[in-house]
Number of protein chains: 2
Amino acid sequence: MSNTFKTGDMVRCTLEGLSCDGKFISSQNGMATIKLASGYNIGIPEENLVKTGTSELPERKATEIVQNTRLPKISIISTGGTIASKKDYRTGAVTSQFQAADILDAIPGLASLAQFRAVQVSNILSENMKPGIWKLLARAIHDEIKEGAQGILVTHGTDTMAYSAAAISLMLKTPVPVVFVGSQRSADRPSSDNIMNGLCAAKTALSDLGEVVVVMHGTTNDDVCAIHRGTKVRKMHTSRRDAFQTIGDEIIGSVGYPSLEVSLASHAVKRGTNKLDLRDKLEEKCAIVWYYPGMDPAILSAWNGYRGIVLAGTGLGHVQTDMVATIREMTEAGTTFVMVSQCLHGRVCDRVYDTGRDLLSAGVIEGEDMLPEVALVKLMWVLGNSKSREEVRMLMESNLAGEIKRRSSV
Amino acid sequence: MSNTFKTGDMVRCTLEGLSCDGKFISSQNGMATIKLASGYNIGIPEENLVKTGTSELPERKATEIVQNTRLPKISIISTGGTIASKKDYRTGAVTSQFQAADILDAIPGLASLAQFRAVQVSNILSENMKPGIWKLLARAIHDEIKEGAQGILVTHGTDTMAYSAAAISLMLKTPVPVVFVGSQRSADRPSSDNIMNGLCAAKTALSDLGEVVVVMHGTTNDDVCAIHRGTKVRKMHTSRRDAFQTIGDEIIGSVGYPSLEVSLASHAVKRGTNKLDLRDKLEEKCAIVWYYPGMDPAILSAWNGYRGIVLAGTGLGHVQTDMVATIREMTEAGTTFVMVSQCLHGRVCDRVYDTGRDLLSAGVIEGEDMLPEVALVKLMWVLGNSKSREEVRMLMESNLAGEIKRRSSV
C-alpha cells in the first residue's frame, strides 16, 4: 500500500498533459488504482497523483424494508461475485456482508415481487469456485426448497457461473426454478446490469419453470433477459452484458424488460415435473485437457491416477495419433476419458476418421454435444455416484439434465 | 481386419428388421465400417452383414489436362485432410497421391482460372499437425512465392487449420494471398463443399489481397464463401460447412458463388503491401493450459521447464488465487505466461479484480483479445525469435499480424 495516499482519498491524476479526478483505492509497487467518477478503474503511477481531499467515508444507509408476508417466498443464496459486491472504498476489496435487506436495498422493485430469505454459502470471486462449494450450494438450495421456497435465486460471479449451473443441474432434481444470476458490471458503474438481471431472475424464480437456469441480459439493449438451461450455457464474452449464450440448443425462455413478462419455450421443464432430490457426491480427481498441435504426448502422465479426464479435441473429437497408446494404458489403469470438441458447437463423432476409431478402440467415450465444462462436472458427478465402468459409460452417454441433445438443431 | 469380407465388397446390412446396401471398408473387433450409397459411413457388427457382390476396383481415370500457360500462376501446397482425400475403397484409408492433375480433376473449373503447380509438404489428418510441419509449409510457401506464384492455395484438414493459418501468418510476411482451404465433407458425399471452397479459394488467391487467410463456406446455402484473417478465425462447429468464423473482428472479404466475385473489406491487407520475408523459428516447448474449477494447483508443476504457457482463464482472464504463487515461481524460473479468456470473445483485462492484479504482479502477460490457439502459436514464434524477456513481453502485447485488435468492434 501507499505511504502517501489513503483509500478513499480524493486525487487528481495528471498524465501527458491530461488530468482527471478520482478516488484512490490502493497501490502496489508504486502503481495506484484510481476509481473515476464514471465507475471505471484506471492504473496510474503514484507520482502522477496529487491529493485534493481527504477520505470521505459514507455512512452505510440500510433502508428499513418491511416484507409483505402474503407474497410468494424466494430464497436468495449468495456465493459472492460482482452482483453481490458493495462499494467499499475503505478497503478497496469486494465485500458481501450479505443480508436480504442488502439485496432489497440494492435492487429496488424486488420487494414488491416476493418475500425474500437470504442464505450465504460463500463469499468468493467465482474464479475461486470449487467442487466443495457446489456441495454446500446444492444442500442449501435443497433445504430452502424443502422449507417452502417457491423459487431460488443464486447470486454468482459470472466467471464460473456456467460450470456451477451445470453442477447443480446434475446434483439436484428440483420441482421449482433454480435461477443463477450475476452481473457483468459492478453496481457502481452506470452501465451496471445488476438491477435488470435481478428483477428478471426473480420473475423467473416465480414462473412455471422446474429446472436449473441462468438468467442474464439477452441483448445489450436492456430490453430482454434470456433464460438459459444450466447445462447448455456458456460465458462467451469477457465483458459484454449479453455474454451468456445457449450453445447447441434454443434458449428456454425470456423475460421482457421493464414489463418483466416471462415467456417459456415448449422444451422448458415445467414446475412440479421433478421431485426434490439431492445427490451431492462428486469425484474431484477430474480434469479438462485441451489438445493443441505440438502437445507432447508425455504430458498425459501428469494426470496419472486421475479418475476422469475430459479431452477437448479438435473437430469431430480428435487428438494426435501419438497419444492414443497412452490413453489406452491410462484407461486400462482406471481413468475414464470423455471426448468433447473445442469447436464448442456441434457433436463429437469418432466414427468418421481413423484417429477417432482408434480413440474409441482405446476406450474413449464420445461426449456427444456436451460443452467441455459441462462434461467435466458431469464426469465428476457420474464418477462420484457410480461404481461400475459400464454404468459410468452408460450415464456419460445418456442425457441426464438436458446436457445432451439427441439431434442438434443448431 | 475381417476374415470374411474384403475392402470394396458389396454387402447387405440387416439390423432389427431394417436392411440397406453398402460397401465394406474395414472392421475392428467384429465391428464393420460400411459406406452407404449416400456417402455416409455406418458402424455395424459383422454378423449383421451378408456379402452380395465382390470387390469392384474402379480404374483411376486421370483426365489429361493441358494447362493454359497464359493464365496467372497459383501454387497449391498440400498438407492432407478431407479436401485432398480420394475415395480409396481398397484400403479404406485416406490417401493423397497429390498432383496438380488430381486437384484439377477433382475440382472442375479450376483449370480456367489459373495455371497450377502442386507441392506436397505432408499427408496427414490435421489433428496430427505439428510445429515441424508448419516450418516445412512456411518454407514451401516462401519458395513458391519467390519463384513467381501470384497466389498460394494451402489445402489443409479443418481440425487444426486455424492453428496453422495463425502460425503461417506470423512466420511469413507475404506480398500475395496465402489462402488456406479445406472441406468439412469428403468428396464422396453429396453435400461435399470441396468444389465450391476450392473455386472460391482460387479466386481469392488471384485477388488484391496480401495476407494469410482462410476461405470456407460462409453460410450453409452454397451462396458465399467467407474470407477470414488467419489470426482471427476459429473452427466453431464440428460438422457444419460454415464452421469457420471470424472472432472479435469483421470478416475481411467474401466470394460470391457461383459468380466467384471477390469483395474485400477496407481492413484487408492489400497485395504488395508486405515484402516477402520468412522467419521460421519456433519454440515448441509451449502449452495451452485450460483452467477449470477444482483444478489442483499442483498440476502446474507438470509444465516445469516449459518456455511458454498460454493460460485459458475464466472471464476477463482469471485463475484461482491458489495458483498465483506457483505461477510467480515458474515465471521467475523462466516460463512466460500469457493469459487469454476461455470466453473466446472479448478482451482480457486483469486490472479490474484482485485476482487479475495478483496475476499481473506475478508476471503474467495479458493476451488482449487473442484467441487461445493464436496466443499459443504466437508464443512459440516470439520465444523462438527473441532472446530477452522484455522483447518477449513487448512482442506478445503488440499486434504483429492482425492477432490483436486494439478496440474490439464486437
Side-chain angles (χ1 to χ4, degrees), chain A residues 28-29 33 41 43 93-94 125-131 158-160 163-164 235-240 243 284 286-295 299 302-303 312-322 341 343-349 351-355 357 361 372-373 376 380, chain B residues 28-29 33 41 43 93-94 125-131 158-160 163-164 235-240 243 284 286-295 299 302-303 312-322 341 343-349 351-355 357 361 372-373 376 380:
Chain A
Q28 200 162 38
N29 306 327
T33 301
N41 294 347
V94 168
L125 291 167
S126 82
E127 56 268 30
N128 289 322
M129 183 52 68
K130 291 185 170 34
T158 56
D159 268 35
T160 59
Y163 290 89
S164 296
K235 184 172 181 179
M236 290 298 288
H237 198 283
T238 60
S239 60
R240 279 172 70 131
E284 298 191 23
C286 290
I288 294 177
V289 176
W290 200 266
Y291 174 68
Y292 50 86
M295 183 180 244
I299 197 77
W303 293 279
T314 59
L316 289 164
H318 302 131
V319 295
Q320 60 185 321
T321 309
D322 293 351
S341 173
C343 295
L344 304 181
H345 293 265
R347 187 177 301 278
V348 161
C349 181
R351 290 146 213 272
V352 180
Y353 293 96
D354 285 347
T355 316
R357 287 194 283 266
S361 136
E373 36 279 84
L376 174 74
M380 288 180 175
Chain B
Q28 201 162 39
N29 306 326
T33 301
N41 294 347
V94 168
L125 291 168
S126 81
E127 56 268 30
N128 289 324
M129 182 54 67
K130 291 184 171 34
T158 56
D159 269 36
T160 59
Y163 290 89
S164 297
K235 184 171 180 180
M236 290 297 289
H237 199 281
T238 60
S239 59
R240 281 173 69 133
E284 298 191 23
C286 291
I288 294 178
V289 176
W290 200 267
Y291 174 68
Y292 50 86
M295 181 180 246
I299 197 78
W303 294 280
T314 58
L316 288 165
H318 302 131
V319 296
Q320 60 185 321
T321 309
D322 293 353
S341 174
C343 296
L344 305 181
H345 293 265
R347 186 176 302 277
V348 161
C349 180
R351 290 148 211 270
V352 180
Y353 293 97
D354 286 346
T355 317
R357 287 194 284 265
S361 136
E373 35 280 84
L376 174 73
M380 289 179 174

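Computation of the quantities below employed the complete heavy-atom set of this structure, encompassing side-chain atoms and omitting hydrogens, waters and symmetry-equivalent molecules. Every chain is numbered from 1, with letters handed out A, B, ... down the list of sequences.
Looking only at distances, a side-chain donor or acceptor of B/T238 sits under 3.5 Å from a matching main-chain atom of A/R347.
Proximity to chain A is absent for every atom of B/S164, based on heavy atoms less than 4.5 angstrom apart. Contacts of B/Y292 with chain A are made by both backbone and side-chain atoms, with heavy-atom separations under 4.5 Å. Interface remark: B/S361 contributes side-chain atoms only to the contact with chain A (heavy atom separation under 4.5 Å). Neither the backbone nor the side chain of B/C349 comes within contact range of chain A; no heavy atom of the residue lies under 4.5 Å from a heavy atom of that chain. B/L316 touches chain A through backbone and side chain together, each having a heavy atom under 4.5 Å away.
Considering all non-hydrogen atoms of both residues, B/Y291 and A/Y163 come closest at O-OH, 3.3 Å. Contact between B/Q320 and A/N128 at its shortest, heavy atoms only, is CA-OD1, 3.1 Å. When all heavy atoms of A/A302 and B/A302 are compared, the closest pair comes out as CB-CB, 3.3 Å.
Per-residue heavy-atom pair counts under 4.5 Å with chain A were compared for B/I299, B/L376, B/V319, B/D322, and the maximum is reached by B/I299. Among the candidates A/S341, A/A287, A/C286, A/G317, the residue making the largest number of heavy-atom pairs closer than 4.5 Å to chain B is A/A287. For chain B, the option among A/K130, A/E373, A/K235 with the highest count of heavy-atom pairs below 4.5 Å is A/K235. No other option in B/M380, B/E284, B/M236, B/M295 has as many heavy-atom pairs under 4.5 Å with chain A as B/M236. Ranked by heavy-atom pairs shorter than 4.5 Å toward chain B, the options A/T160, A/V352, A/T321 are led by A/T321. When the candidates B/P293, B/S239, B/A243 are compared by the number of heavy-atom contacts under 4.5 Å with chain A, B/P293 comes out ahead. Of the residues considered (B/I288, B/L344, B/T355), B/I288 shows the highest number of contacts with chain A, using heavy-atom pairs under 4.5 Å.
The salt bridge (Lys or Arg N to Asp or Glu O under 4.0 Å) search around A/E127 returns none, not counting sequence neighbours. Looking at residues two or more places apart in sequence or on another chain, you find a side-chain hydrogen bond (donor to acceptor under 3.5 Å, both in side chains) between B/T314 and A/D159.
In this structure, the side chains of A/L125 and B/H318 stay at 4.5 Å or more apart for every pair of heavy atoms.
Ring planes of B/H237 and A/H345: parallel class, angle under 30° (limits at 30 and 60°).
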